[in-house]
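Heavy-atom basis, side chains included; hydrogens, waters and symmetry copies ignored.
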Amino acid sequence: MIVLAGLLLCGGCGQENHASPDTGGAKLTSSLSEYARQLLDADNGSMDAQQKNILRSVIKHGKVSVSDYEAAWQRYSSCVTDKGYNKPQMIRYPNGLQHPDSDDASPELATDLNAVEKQARDLDACDTAHVEAVQKLYMLQVGNPSLYKDQDEGALDCLKRHNLVSTSYTLEQYKKDSGAWAHGSDDLGFDPNNAEVRGCLAANGHLFVSAGNE
């Protein structure tokens, strides 16, 4: 079973002008290429060469290739295992987006605060070096191609583009349903068990993790 766990810290999370009449429509940036340029310019030396090359490719071509995206996550996984941790188990969505299932410490480390903190630093370093910026771009590409600054607007637009909610479904309704869902309600305007719905929401800041077996 996949459950909603929280919100990703996404520095913006996509493409054409597709503003819905009930949204503000403010944009994160003018294009995916421009956002890639911003991310590259903001690098303080933490990105590896391969991730920077992917950003340069996005600046030139305006999109993240699937092969580049997969390779970035493979490098992340190798980084994690090279530091002595288990290979990350990935959550994957129909739109191609993926992220680690969770970064929780193993039971052996759970009582050792120093070990837990070291693991968090190590995994964060792997993420920053190999995939963080690419993930931000790919989230926009598959889930918010209109580049809405407000992730709720991005999620609503994604749900509408994929016919996962009615055309009359509003941003106000989406916000209300999101709050109700967080409190356990399933009387919603969208189906939270639908994999495509989860893909839209994950691409716009929601983090899902596995919770046992269905």
side-chain hydrogen bond (donor to acceptor under 3.5 Å, both in side chains) evaluation trace for Y85 with D122
CA-CA 10 Å; Y85 304 107; D122 286 344; 2.7 Å; yes
If only atom types and distance count, is the side chain of [X] paired as donor or acceptor with the main-chain N or O of [Y] below 3.5 Å?
{"X": "N95", "Y": "G199", "answer": "yes"}
{"X": "S178", "Y": "Y174", "answer": "yes"}
{"X": "S33", "Y": "I59", "answer": "yes"}
{"X": "Q119", "Y": "V116", "answer": "no"}
{"X": "K160", "Y": "Y169", "answer": "yes"}

For Y93, the option from E196, R198, H99 that meets side chain to side chain donor-acceptor pair (under 3.5 Å):
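When side chain to side chain donor-acceptor pair (under 3.5 Å) is applied between Y93 and each of E196, R198, H99, only H99 qualifies.
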D124 side chain reached by E132 side chain, heavy atoms, under 4.5 Å
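No; the side chains remain at least 4.5 Å from each other.
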Inspect the surroundings of [atom1] in [X] and state if more than 12 heavy atoms from other residues, nucleotides or ligands are less than 6.0 Å away.
{"X": "D82", "atom1": "CG", "value": "yes"}
{"X": "K176", "atom1": "NZ", "value": "no"}
{"X": "Q89", "atom1": "CD", "value": "no"}
{"X": "R75", "atom1": "CZ", "value": "yes"}
{"X": "D41", "atom1": "CG", "value": "yes"}

Applying the side-chain contact (heavy atoms from CB on, under 4.5 Å) criterion to W73, which one of P88, S78, P100 satisfies it?
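Single side-chain contact (heavy atoms from CB on, under 4.5 Å) partner of W73 among P88, S78, P100: P100.
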May I have the step-by-step check of side chain to side chain contact (heavy atoms under 4.5 Å, CB included) for Y69 and Q141, ending in yes or no?
CA-CA 11 Å; Y69 182 68; Q141 181 171 298; over 6 Å; no
Nearest-0.5 Å distance, [atom1] of residue [X] to [atom2] of residue [Y]:
{"X": "L164", "Y": "N194", "atom1": "CG", "atom2": "CG", "value": "5.5 Å"}
{"X": "R161", "Y": "C158", "atom1": "CZ", "atom2": "SG", "value": "5.0 Å"}
{"X": "Q51", "Y": "L39", "atom1": "CD", "atom2": "CG", "value": "8.5 Å"}

Give me the atom names and distance for the closest heavy-atom approach of S46 to T128.
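Answer, listing the atom of S46 first, then T128: CB-CG2, 3.5 Å.
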What heavy-atom pair brings A155 and L201 nearest, and what distance separates the two atoms?
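Here A155 and L201 meet closest at CB-CD2, 4.0 Å.
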Could you give me the CA-CA distance, side-chain angles and deciding distance for Y148 and N204, then say whether side-chain hydrogen bond (donor to acceptor under 3.5 Å, both in side chains) is met?
CA-CA 10 Å; Y148 292 120; N204 285 283; over 6 Å; no
